[in-house]
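First the structure, in the form of C-alpha cells, and then the observations on it.
In what follows, every heavy atom counts, from backbone to side chain, and hydrogens, waters and symmetry copies are set aside.
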Protein chains: 2
Amino acid sequence: MAEKVTIATVARHAQVSRQTVSNVLNAPHIVREETRRRVQEAISALGYRANQAARQMRTGRSRLIAVRIEPTRDGINGSVLDRFLHGLTETADAAGYRVMLYTARDDDQEIATYDDLLGAYDLDAFVLTGTKHGDPRTAWLAEREVPFVTFGRPWDALDGHPWVDVDGAAGTAQVTRHLLDGGHDRIAFLGWPTGSGVGDDRCAGWRTTMTAAGHDVAGLRRESEDGIAEGERALRDLLAHDAPPTAVVCASDSLALGALQAARDAAAPVAVVGFDDTPVAAAVGLSSVSQPLAAAAARCVDLLTTLLDGQPTDQQVLLTPTLVLRHTA
Amino acid sequence: MAEKVTIATVARHAQVSRQTVSNVLNAPHIVREETRRRVQEAISALGYRANQAARQMRTGRSRLIAVRIEPTRDGINGSVLDRFLHGLTETADAAGYRVMLYTARDDDQEIATYDDLLGAYDLDAFVLTGTKHGDPRTAWLAEREVPFVTFGRPWDALDGHPWVDVDGAAGTAQVTRHLLDGGHDRIAFLGWPTGSGVGDDRCAGWRTTMTAAGHDVAGLRRESEDGIAEGERALRDLLAHDAPPTAVVCASDSLALGALQAARDAAAPVAVVGFDDTPVAAAVGLSSVSQPLAAAAARCVDLLTTLLDGQPTDQQVLLTPTLVLRHTA
DNA sequence: GGGCACGATTAGATCGTTCAAAGTTTCTGG
DNA sequence: CCAGAAACTTTGAACGATCTAATCGTGCCC
C-alpha cells in the first residue's frame, strides 16, 4: 500500500516547510494566497489527513465527545436515545467532532468512566442524558471544569450549566388545548409519581391549561410507574367513576398504550394521547407528542462547540415539541 | 487541579526509569517482582492513566472501533441497532476498546468516511451492519486489509471475511414447527421480494419446515416491501381465498403488525408471529422471534480482538434466535 | 579470578503535529 | 537607495508514550 502521508510529505511535495502546511490547515489567513493554493493541491493530490493523535498530543484537545448509551430500560423509550444519538453524531461530524460511546451501570461507575476517558483519551466534552435531582455526575464534572451539556434540565435550581431540553409542559398544554377545542371537557392525565422533574413538568402543562379554561381537575389525575399494565389499570380506575373522562393525556407512550387497551372496553369512546412519539405510537396509530430530537442534538453540539471555543456559555435551550395527530385523538 | 500525571511522574515516584514503567504495563513478565509491585503502587497512588494519543502515535494502534449509526429508517427496526450498540460498547469496553460512531447517507459517503477515520483517527477496526449483495464497502475494506466484522452474512459466496449473524431460517422454522404442533396446517408466510438475503433466509425456514411436514406451500406466500400497510394488504389478500390460512409467519414485526390488523376482521382467528422482537411487539403482545443481540455483539468483539491480535481469523458465527410467545400465537 | 551469558534496567531516538521564536523576503516612505 | 515595518516562511523543541540498543549487575563455569 501507499506510504503513510504526513505533514512532511505534503511539505516536500509543495516545496514549503512543515509549519506552512500546518498554517494552511489551522490559520489559513497568515499564508499567502499562492502558497496556500499550492499546499492545498498537494494535500488533495496526496490524500493527506492530519493525524489526530499527534495533533491531540500537542494541543491537548481530542475533538472527541462522549455519550452514554443506556441499556434500553423499557424498550419503548430506547428509540428516543437512538434518534438523539444519530442527530448528535451527524451534527458533531459537521462541527469536526466525533462521538464516542460508553456504558455504565450506576453513577459511581459512570464517574469512574469519566475519569478513565479523560485520562486515557483526553475527551473534550460529555453529553449527559436524563438528569435527576441531586445528580452526582454533573457535580463531579463541574468541579473538574470538564465541559458538558445535559439533554434535560437540571432539576436543582442551583446548577448553572448549559442544557438543552424539550418543553414538556408546552407539549401537554398543546394536547390539552387540542382536546378542549375538539369539545372534550373532562380530560384526565396519567402521569408518574410527583417528584420526577420530567413528570411534574408534563403534568403542569395539562393542569394549567385545564384551569385556565375554567375546568376543575380534581379527581382527573392518576399516577403510577411507567408501563403498559400501569396505564391500563389507571384508566380503568378513572372510567369506573360517575363522570368518566372522555379523553386522557399521558406522560408517556407506554402509559398511553395501556390506556388505549382500557379505552377499547369503555362504554363511550375515549381519546388518548401519548408522549415521545415512539415507533410504537406510529405503529398503532396513537397520537403523541413528538420531541424534536435532531434539533435538540444539534443544539447540544452548538453549545459544546462554543464552550470548547473558550467562551464560557451557560446558555439554556428549551425546544417546543409538536403534536402528531393520528387515529386516537 | 492536579498536574498531568505522565509515565515520567510515575517513574520518578517509583524511582525507576520511564521504560520500566512502560514494561510493567506492556510486558510485566520481564520486570522483577519487587520492582513491579513498587511501580504498581505508584501508578494507583498517582491515579496514572496511559495517554492513548501518545501510545497510538508510537504503536499505530488506537484501540478504537467504529460503528455506523443509521437514521432509523422504519422506526420500528431502529431499536435492534440500539440494543446491538449497547452490547457492542459493553463488550468492547471489557476488551479495552472504545466504540466510535459515524453516519453516512450512502455507500460512497460511507467509504469516504472510512478513509477519513482511518487517516485521522487510525481506527483499528470496523463493524458493519446490514450487508447486501455486492457490497462495495466490504470490498473496499478488504482491499486495504482493514480489519472488520459484519453483523450479517455476506450474501456473495466469494467474500471470505469474519461475520456474525442470526440464523433467520432457524427462527422461522421454529415458529412454523410451533404452529404445526398447535394444530395449524395452512400456515402462510409474509415476506419481502426475493433477492434480499435476509428475506430469502427467513422464508426458507418456513418453506422447508412446511414441506418436510408434508404440507403444500403453493399460494401461501405473499411478498411486499416492509411496512405495516403492506402487511395488512397482504394478509387481506390471503384471507380472501377459498381456503384461507389459519396462521401467518412474518419476516418482520412491521409486516406482522399489519397482519394483526387484517386478522382482527377475519372470520376465523388467525395466529400471527413477527420477527425481531421489537419493543412494538412487546407492547401489543405480538409473538415474535428474538435475536440474541447482546451475544451477537459480544461475538463481533471476540472476532475483532483475535483479528487485531494478528491471528488471521475468518471465522463465521451463526447464532440461533429464540421464539418469544405472547398473545398472538 | 576472569570471561561469559543472562536477566533487569536505563538512555536516546522516534511517532506526527503545533508552538515559540527566529529568519527571510517584500513592501513602503522619506 | 536604504531603513524599518509588515508579511510570510522556516527551524528547533515539545507533547507522552514505545522501540531499539546499550548498560549494569549477578551468578556460573572453567
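When the local axes at the two ends of the helix from C/dG1-D/dC30 to C/dG30-D/dC1 are compared, using 5 base pairs at each end, they differ in direction by 60° after rounding to 10°.
In this structure, A/Arg61 atom CZ and C/dC19 atom P are separated by 11 Å, rounded to whole Å. Nucleotide D/dA7 holds its C1' atom 15 Å from the CD atom of A/Glu34, rounded to whole Å. Per the geometry, CZ belonging to B/Arg12 stands 14 Å off P belonging to C/dT10, to the nearest Å.
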Contact letters for nucleotides 16-26 of chain D, in which S counts primed atoms plus P, OP1 and OP2 and B counts the base, heavy atoms under 4.0 Å: BBBB-------
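The backbone N or O of A/Asp124 lies less than 3.5 Å from no partner atom in the side chain of A/Arg61, so there is not a single donor-acceptor pair. Checking side-chain atoms of A/Arg144 against main-chain N and O of A/Trp140 turns up a donor-acceptor pair under 3.5 Å.
When A/Glu33, A/Glu41, A/Gln40 are each tested for a side-chain hydrogen bond (donor to acceptor under 3.5 Å, both in side chains) with A/Arg37, only one passes: A/Glu41.
The phosphate of D/dT9 has neither OP1 nor OP2 within less than 4.0 Å of any side-chain N or O from A/Thr20.
When the shell of 6.0 Å around CZ of B/Arg299 is examined, it contains 12 or fewer heavy atoms from other residues, nucleotides or ligands.
No hydrogens or angles considered: a donor-acceptor pair under 3.5 Å links the side chains of B/Glu70 and B/Thr129.
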CA sep, side-chain torsions, deciding dist, call: A/Leu128, A/Leu141, side-chain contact (heavy atoms from CB on, under 4.5 Å): CA-CA 11 Å; A/Leu128 306 198; A/Leu141 290 171; 4.1 Å; yes
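Closest approach of B/Ala297 to B/Leu88, counting heavy atoms only: CB-N, 3.3 Å.
B/Arg68 forms no cation-pi arrangement with B/Tyr102, by the criterion of a distance under 6.0 Å to the ring centre and an angle within 45° of the ring axis.
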